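The shown structure was predicted, so the numbers you read here are calculated from the model rather than taken from an experiment. Side chains included, hydrogens not; waters and symmetry mates left out as well; all remaining heavy atoms used.
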Amino acid sequence: MLLWCPDWPVLAVEIVDGVPATGPVAVLHANRVVACSAPARAAGVRRGLRRREAQGRCPSLTVVDHDPGRDARAFEPVVAAVEEVVAAVEVVRPGVCAFAARGPARHLGGEEAAAERIVEQVAQACAVESQIGIADGVFAAGLAARTGQVVPPGGTPEFLAGLPVEAIGRPALADLLRRLGVRTLGDFAALPAGDVLARFGFDGALAHRLAAGYDHRPFAVRQPPADLTVTAHHDEPLDRVDAAAFAARVLAERLHDRLAGHGLACTRLGIEAVTAHGQELHRVWRHDGLLTAAAIADRVRWQLDGWLSGSTGRAGARPARPTAGIVRLRLVPDGLLTRGGLQPGLWGEAGEERDRAHRALSRVQGILGPEAVVTAVLGGGRSPTDQTRLVPWGDERLPTRPGPPPLPDAPLRLDAPPQSGVFPQSGVPPRPATGGRPAPPPWPGRLPPPAPAVVLPVPLAATVHDAAGEPVVVSARLVVSAAPARLCVGGGGPAEIVGWAGPWPLDERWWVPAEARRRARFQVCLADGAALLLAVQAGRWLVEAIYD
């Protein structure tokens, strides 16, 4: 039995992209029509036409590019609907699937009754029209599905004999056979098999067997994906965080056991909730490793706390609470991978110490909230404050700004003479290429190494004077009025500067006056051994970071 959905590329466009198939629609590949809707065919559009000719026949034609991935995604619900009635389904191509007829015919009361039941199932579940053909092989069943025929057992050669050679699905071979006087599949099947192999090659010999009705290849049965989602229905709506947390823990343990039974782990967790008033809530949580049962329960509890109490952690605005309690809770695992595919530790396995630290940090998060434990993620940027992003422990570690992480630190020479050469003056040295690939370029204007050890969340006000006690200023052309000699931070006393380097200019977002920022940065070494990163902006000196 073979199920065929007519004009499937057009239906896939309607399902995925919302283009109605009730109008004139054509799907093109390589500037030729590969499928079209019924109104387009009524206007004269046919498969194989060029785009300009098709639009000339139907000026109101909607043209869409062919996307095999879109066709396959849209066909997945149809295959799932068929699998609710029959087993061992083979997807021939998007829009066509085949399965053995014996099983459905035995438990559904015959082949014709089984075909009607499957067509009805697809129409009810997916709102898709389909036709079924039954024959001794997949090739013949596909041709029979075009007219919804049931070919009796052993009648496949007779059914194929009267069809034109174009039905073989090989235009070049069909054209050659036509010129040789072979017009039907029966004429083609009557030719000696050895002569066909010698004249047309292996593909011609395979087409000859199909034309003769010898199509007995085994099914390439698809393995249906395991349903790993867990759902809980509650007669009494959950409107308190403590009750929702208890339900979340039970559901998290069920999900973890189901994943463990398949040897899987998930790196993303979808949390879906439906309230008594029909409001649907959805959120996806990410994780950089193995989500344990406790980690799943914590994330579900955090999300339910956010929904039911309207809390958003450190954010100022609080979202509106749902209008009713939660009556259905669903956990959807995503980003599945085998447990053996998790990233091991430095010495092979993750190790007991790493697991203990992970449990301790997760326990702190469970008490104080997800943002109570954060970890730094390095990325691109010109200043130390731009290169670091704090993310909650266990979340996906993605940098805010693209670009390579900071280079390895170079040693800081504190014994150098007091001049503008203590630190590298040429910016960032080029990175060596690895693996035969060129390294990504650094951010222009980025500070050279070493990187500071402490980045102050709020810069400290400072004053810088020269040896004569005059304030040091930097002109618009980055000319320093005099060599820095003393530094005063806040209300503290002066400290002697024994080495300095700079300035490194920074002129960002000059095209947006409200966000424009122009600074000059200096690295200085003090007599007591301290090293600081200074910046001068609008005539004011600031201490941004401290070197170790």
Side-chain angles (χ1 to χ4, degrees), residues 1-8 78-79 82-83 85-93 95-123 129-171 173-178 180-197 199-200 202-222:
M1 304 181 72
L2 184 139
L3 181 136
W4 171 62
C5 300
D7 306 327
W8 181 253
V78 177
V79 180
V82 174
E83 288 177 337
V85 181
V86 300
V89 178
E90 173 190 359
V91 178
V92 181
R93 63 178 182 274
V96 178
C97 62
F99 40 90
R102 181 179 180 181
R106 293 182 64 179
H107 73 267
L108 293 177
E111 294 178 347
E112 295 185 3
E116 294 177 359
R117 175 69 180 87
I118 296 171
V119 169
E120 181 182 2
Q121 172 69 17
V122 172
E129 295 184 0
S130 60
Q131 298 178 190
I132 286 184
I134 303 175
D136 291 335
V138 175
F139 172 69
L143 297 178
R146 304 283 173 160
T147 55
Q149 288 185 256
V150 177
V151 180
T156 298
E158 183 181 356
F159 165 72
L160 295 174
L163 299 178
V165 291
E166 288 76 11
I168 203 66
R170 293 165 172 80
L173 177 60
D175 180 70
L176 180 57
L177 291 176
R178 280 278 182 180
L180 293 176
V182 180
R183 303 184 179 276
T184 63
L185 293 182
D187 298 337
F188 186 36
L191 298 177
D195 295 343
V196 171
L197 177 62
R199 176 63 178 82
F200 303 107
F202 177 77
D203 186 68
L206 178 60
H208 181 260
R209 286 184 55 84
L210 294 178
Y214 299 116
D215 181 17
H216 299 293
R217 65 176 179 83
F219 279 114
V221 177
R222 121 188 164 114

Can you find a pair of side-chain heavy atoms, one from [X] and one from [Y], that are under 4.5 Å apart?
X    : Y    : result
V85  : L108 : yes
L176 : R199 : yes
C5   : L3   : yes
L2   : V96  : yes

Minimum heavy-atom distance between [X] and [Y], given as atom pair plus value:
X    : Y    : answer
P157 : A212 : CG-O, 3.7 Å
F99  : P104 : CD1-CG, 4.5 Å
L191 : V182 : CD1-CG2, 4.3 Å
L173 : A207 : CD2-CB, 3.8 Å
A167 : L185 : CB-CD1, 4.3 Å
G213 : T156 : CA-CG2, 4.2 Å

Tell me, please, which residues at least two apart from F188 pass ring-ring contact (aromatic ring centres under 6.0 Å, His included). H208

Check ring-ring contact (aromatic ring centres under 6.0 Å, His included) between W8 and all other residues, then give those that pass, not counting sequence neighbours. F75

For the pair Q131 (side chain) and A145 (backbone), establish whether a donor and an acceptor sit closer than 3.5 Å, ignoring hydrogens and angles. yes

For G154, is there any backbone N or O sitting under 3.5 Å from a side-chain donor or acceptor partner on D136? yes

State which residues pass side-chain hydrogen bond (donor to acceptor under 3.5 Å, both in side chains) with D175; sequence neighbours excluded, sorted by chain then number. R179

Who are the side-chain hydrogen bond (donor to acceptor under 3.5 Å, both in side chains) partners of Q149, not counting sequence neighbours? T147

Take R170 and L206, measure what side chain to side chain contact (heavy atoms under 4.5 Å, CB included) needs, and give me the verdict at the end. CA-CA 11 Å; R170 293 165 172 80; L206 178 60; 4.0 Å; yes

Using a 3.5 Å cut-off and no angle test, enumerate the donor-acceptor pairs between side-chain atoms of residues 113-120 and protein atoms at least two apart in sequence or in another chain.
| residue | atom | partner | partner atom | Å |
| --- | --- | --- | --- | --- |
| R117 | NH1 | Q121 | OE1 | 3.3 |
| E120 | OE2 | Q124 | NE2 | 3.1 |

Go through the structure and list residues passing salt bridge (Lys or Arg N to Asp or Glu O under 4.0 Å) with E166, not counting sequence neighbours. R178

Which of these, L143, I168, T184, sits in a side-chain contact (heavy atoms from CB on, under 4.5 Å) with L163? L143

